[in-house]
Amino acid sequence: MWKQKRILGLLAVITLTIVLAACGNSNENNENSETEGSEDNNTNSEIELGQTELQLGSDDYVSNLVNTYLAKLLLEEIGYTVEVNQTDVGVQYTGLADGATDVIVGAWLPNTHGSYWEEYQDDLVEIGTVTEEVELGLVVPSYMEDINSIEDLRDNTNDIGEQLEWEITGISPGAGQMQLMEDSVIPGYELNDWTLVESSGAAMSTSLGDAINNEEPIVVTLWTPHWTFNEYDLKILEDPQNAFGDPDDILSVSRTGFEEDAPAAHQLISQFSITKEDTQEMMFDVQEGMDPEAAAQAFMDENPDLVEEWLDGLN
């Protein structure tokens with residue numbers, strides 16, 4: 001009888017030990033699960049939306065416009081309501097400075113938009129680089145074999161002045177590149193006989209296409225990224241005086257207080273970058289008839305890995 005009681009006692013102790021161990025493991029697992037769940041929740045909710053209605057600014061140049069709509073669609077993916085305000089360059093910067101616009105993704109600095117930055121920089125915040133080393137310049141079709149430098153315009157190589165009636169086809173008068181032409185390029189190269197003809201980005205592109213279709217000479221103000229480099233064989237004229245300055249970067253810039261007011265939007269914009277080639281792909285779609293937002297959506301659909309990279313940690 002005593003042995004039987006002893007055996008039963010030992011079995012009871014073993015059973016109790018097993019139960020306690022199981023409870024311990026269960027509690028530990030529950031604690032781990034709660035901790036992991038908490039960490040997951042913190043990761044997903046760590047960056048708050050803040051204000052949910054945003055104003056994005058853009059000028060009417062397609063390179064900036066398609067990138068702006070791309071940013072709009074990405075912001076909407078994480079819960080924002082976004083309106084794009086398409087204006088001229090100067091209004092973009094006054095809008096940022098007075099708080100009417102939250103952010104732009106098309107600030108060409110330090111050269112093209114340099115005068116606007118200098119005027120409004122106390123009320124602006126640089127977020128990040130959207131596209132590196134974008135170029136400005138005077139551009140001709142590659143079949144103009146004797147015209148390779150801005151100096152050739154000054155020297156009237158191959159009677160280029162007479163061929164073009166001394167006209168350079170420009171874009172809208174408020175554009176930074178037009179200011180650089182007037183302030184730096186024309187006086188720097190003594191292009192005193194030349195007239196810079198004001199038009200628009202679209203009109204300039206049409207004039208370029210018409211001239212190429214007829215194999216006629218033309219000189220235009222142009223930049224990268226631009227869809228015409230996908231469509232035509234072009235060359236940027238050499239600029240030995242560096243009158244256009246070193247290549248710009250395209251930056252994202254916000255009003256003051258944007259990061260505090262819309263933390264998740266600020267984080268997304270800081271992660272948003274795109275190559276010249278990808279921007280030109282969207283621009284070409286616009287040239288072929290898509291509207292800018294549709295072109296941006298098509299690009300997102302075709303590049304899910306990029307979208308995942310831009311939205312990392314935010315969805």
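Position 1 is the first residue of the sequence; numbering continues from there.
Within a 6.0 Å radius of CD in E132, no more than 12 heavy atoms belonging to other residues, nucleotides or ligands are found. The environment of E162 atom CD is dense: over 12 non-hydrogen atoms of other residues, nucleotides or ligands sit within 6.0 angstrom. Environment of CD in E145: sparse, with no more than 12 heavy atoms of neighbouring residues, nucleotides or ligands closer than 6.0 Å.
Residues V62 and V66 have side chains in contact (heavy-atom distance under 4.5 Å, counting atoms from C-beta outward). Between M181 and F244 there is a side-chain heavy-atom pair separated by less than 4.5 Å. In this structure, the side chains of T221 and L196 come closer than 4.5 Å at one or more pairs of heavy atoms. Side-chain contact between L136 and T112 is present, with heavy atoms from C-beta onward closer than 4.5 Å. Within the 4.5 Å cutoff, side-chain heavy atoms of L153 are placed close to those of I160. Taking 4.5 Å as the limit, every side-chain heavy atom of Y69 sits out of range of all side-chain heavy atoms of V82. Inter-residue side-chain proximity for V219 and L138 is flagged as met; some heavy-atom pair is nearer than 4.5 Å. Side-chain contact between I127 and V253: absent, with no pair of heavy atoms (C-beta onward) separated by less than 4.5 Å.
Closest heavy-atom contact between V89 and G174: CB-O, 4.5 Å. A97 and Y120 get closest at one heavy-atom pair: CB-CD2, 3.7 Å. What you find for I104 and G57 is that their closest heavy atoms are CG2-O, 3.5 Å. Smallest separation of non-hydrogen atoms from A243 and S184: O-OG, 2.8 Å. Here the shortest heavy-atom pairing between G79 and L49 reads O-CD1, 4.1 Å. For the residue pair T169 and S199, the shortest heavy atom distance occurs at CG2-OG, 4.4 Å.
Separation of atoms CD (E198) and CE (M204) is listed at 14.0 Å; rounding is to 0.5 Å. Interatomic distance, D239 CG to I150 CD1, rounded to the nearest 0.5 Å: 4.0 Å. Taken to the nearest 0.5 Å, the CG atom of D249 stands 11.5 Å off from the OG atom of S273. Distance check: L70 CG to N303 CG gives 9.5 Å after rounding to the nearest 0.5 Å. Atom-to-atom distance recorded for N64:CG and T279:OG1 is 9.0 Å, nearest 0.5 angstrom. We find the CG-CD1 distance between N192 and I186 to be 9.0 Å, quoted to the nearest 0.5 Å.
Y61 and W223 have their aromatic ring centers within a separation under 6.0 angstrom.
If you check the side chains of Q92 and S58, you find no donor sitting under 3.5 Å from an acceptor. For the 3.5 Å distance criterion, the side chains of D246 and N242 qualify, holding a donor opposite an acceptor. Judged purely by distance below 3.5 Å, without hydrogens or angles, the side chains of N230 and Q287 never pair a donor atom with an acceptor atom. For the 3.5 Å distance criterion, the side chains of H226 and T228 qualify, holding a donor opposite an acceptor.
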- Please report the C-alpha distance between L306 and F299 in whole Å, then the side-chain angles of each, then the deciding distance to 0.1 Å, and finally whether the side chain to side chain contact (heavy atoms under 4.5 Å, CB included) criterion is met. CA-CA 10 Å; L306 266 179; F299 183 83; 3.8 Å; yes

- Check the pair I78 / L74 against side chain to side chain contact (heavy atoms under 4.5 Å, CB included), numbers first and verdict last. CA-CA 7 Å; I78 62 173; L74 291 168; over 6 Å; no

- Worked verdict on D146 versus T157 for side chain to side chain donor-acceptor pair (under 3.5 Å): CA-CA 7 Å; D146 295 331; T157 300; over 6 Å; no

- Item | Worked verdict on L56 versus V103 for side chain to side chain contact (heavy atoms under 4.5 Å, CB included) | CA-CA 5 Å; L56 290 186; V103 64; 2.9 Å; yes

- List the steps and the verdict of side chain to side chain donor-acceptor pair (under 3.5 Å) for S115 and Q179. CA-CA 9 Å; S115 61; Q179 291 185 338; 3.2 Å; yes

- Checking side chain to side chain donor-acceptor pair (under 3.5 Å) for the pair D285/W227: CA distance, chi angles, key distance, verdict? CA-CA 9 Å; D285 285 341; W227 67 268; over 6 Å; no

- Verdict with supporting geometry, V125 and F258, side chain to side chain contact (heavy atoms under 4.5 Å, CB included): CA-CA 9 Å; V125 178; F258 175 64; over 6 Å; no

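With hydrophobic clusters built from ILVMFWY side chains whose heavy atoms lie under 4.5 angstrom apart, V134 shares a cluster with V139. Under the 4.5 Å side-chain heavy-atom criterion for grouping Ile, Leu, Val, Met, Phe, Trp and Tyr, L109 is not connected to M178 through any hydrophobic cluster. Residues I250 and L124 are members of separate hydrophobic clusters, defined by side-chain heavy-atom contacts under 4.5 angstrom among Ile, Leu, Val, Met, Phe, Trp and Tyr. Hydrophobic clustering, with ILVMFWY side chains joined whenever heavy atoms are under 4.5 angstrom apart, keeps V197 apart from Y189. Each of L96 and I269 belongs to its own hydrophobic cluster when Ile, Leu, Val, Met, Phe, Trp and Tyr are linked at side-chain heavy-atom distances under 4.5 angstrom.
No side-chain donor-acceptor contact under 3.5 Å links N214 to the backbone of E216. Listed for the Q177 side chain is a donor-acceptor partner under 3.5 Å among the backbone atoms of L222. In terms of modelled atom types and a separation under 3.5 Å, the side chain of K276 and the main chain of E133 share a donor-acceptor contact. A donor-acceptor pair under 3.5 Å is formed between the side chain of N156 and the backbone N or O of G161. The main-chain N or O of I147 is found under 3.5 Å from a side-chain atom of K235 such that the two form a donor-acceptor pair. In this structure, the side chain of T129 does not engage the main chain of L251 through any donor-acceptor pair within 3.5 Å. No donor-acceptor pair closer than 3.5 Å links the side chain of E165 to the backbone N or O of E167. At least one donor-acceptor pair closer than 3.5 Å links the side chain of Q241 to the backbone N or O of G188. Checking side-chain atoms of H113 against main-chain N and O of W108 turns up a donor-acceptor pair under 3.5 Å. The backbone N or O of T224 sits nowhere less than 3.5 Å from a side-chain atom of E135 that would complete a donor-acceptor pair.
Not counting sequence neighbours, the partners of Q297 by the side-chain contact (heavy atoms from CB on, under 4.5 Å) test are L73, M300, D301.
For the side-chain contact (heavy atoms from CB on, under 4.5 Å) criterion with P217, the lone passing option out of N158, D159, L164 is L164. Checking each of H266, R255, Q55 against D102 for a side-chain hydrogen bond (donor to acceptor under 3.5 Å, both in side chains) leaves exactly one that passes, namely R255.
Counting only residues at least two apart or on different chains, no ring pair (Phe, Tyr, Trp, His ring centres under 6.0 Å) pair has a member in residues 128-162.
Using the six-membered ring where Trp is involved, Y116 and Y93 have ring planes that are parallel, under 30° apart on the 30 and 60° scheme.
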